Amino acid sequence: MCGDIGTTSRVCAFYSFTGILFTLFVGVMLSTQPEFITGIDDVTSARSNAFGAMGMFLATFALSIFGMSRSGSSDSKEDIEGDEAGYQLGSVSGEQYGPSRYD
């Protein structure tokens with residue numbers, strides 16, 4: 001599934017972007033309306049942990065963008081050009097290929 005750095009970077013970027021949105025939501029909720037999130041003893045610690053996790057997701061997202069840019073189209077162009085160099089269509093006429101269904 002994730003055989004190259006570009007695919008892995010795209011998966012990590014999607015995961016990181018989702019994590020950024022979620023931890024931002026949790027951090028804003030803890031900042032503005034902490035009474036709606038139950039079971040938290042220390043709201044300031046929870047708020048700083050949520051924004052700290054968002055920072056880690058931002059760092060992962062930035063590294064994923066860097067990985068996607070490093071595995072740009074130059075690698076794939078070289079692979080395609082190398083594969084096409086020895087490719088040639090064979091000369092097959094209609095009689096050799098098979099009879100037509102309308103004959």
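Quick caveat, the model's predicted, so the values are computed rather than measured.
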Shortest non-hydrogen contact from Ile5 toward Gly67: CG2-O, 4.4 Å
How close do Thr8 and Asp4 get, heavy atom to heavy atom, and via which atoms? OG1-O, 3.0 Å
State, to 0.1 Å, how close Val43 and Leu30 come at their nearest heavy-atom pair, and which atoms those are. CG1-O, 3.7 Å
So the side chain to side chain donor-acceptor pair (under 3.5 Å) pairs with at least one residue in residues 23-42 (sequence neighbours excluded) are Ser31-Arg47, Asp42-Thr44
List, by chain and number, the other hydrophobic cluster members for Phe57, where Ile, Leu, Val, Met, Phe, Trp and Tyr join if side-chain heavy atoms come within less than 4.5 Å, directly or indirectly. Tyr15, Phe17, Ile20, Leu21, Leu24, Val28, Phe51, Met54, Leu58, Phe61, Ile65, Met68
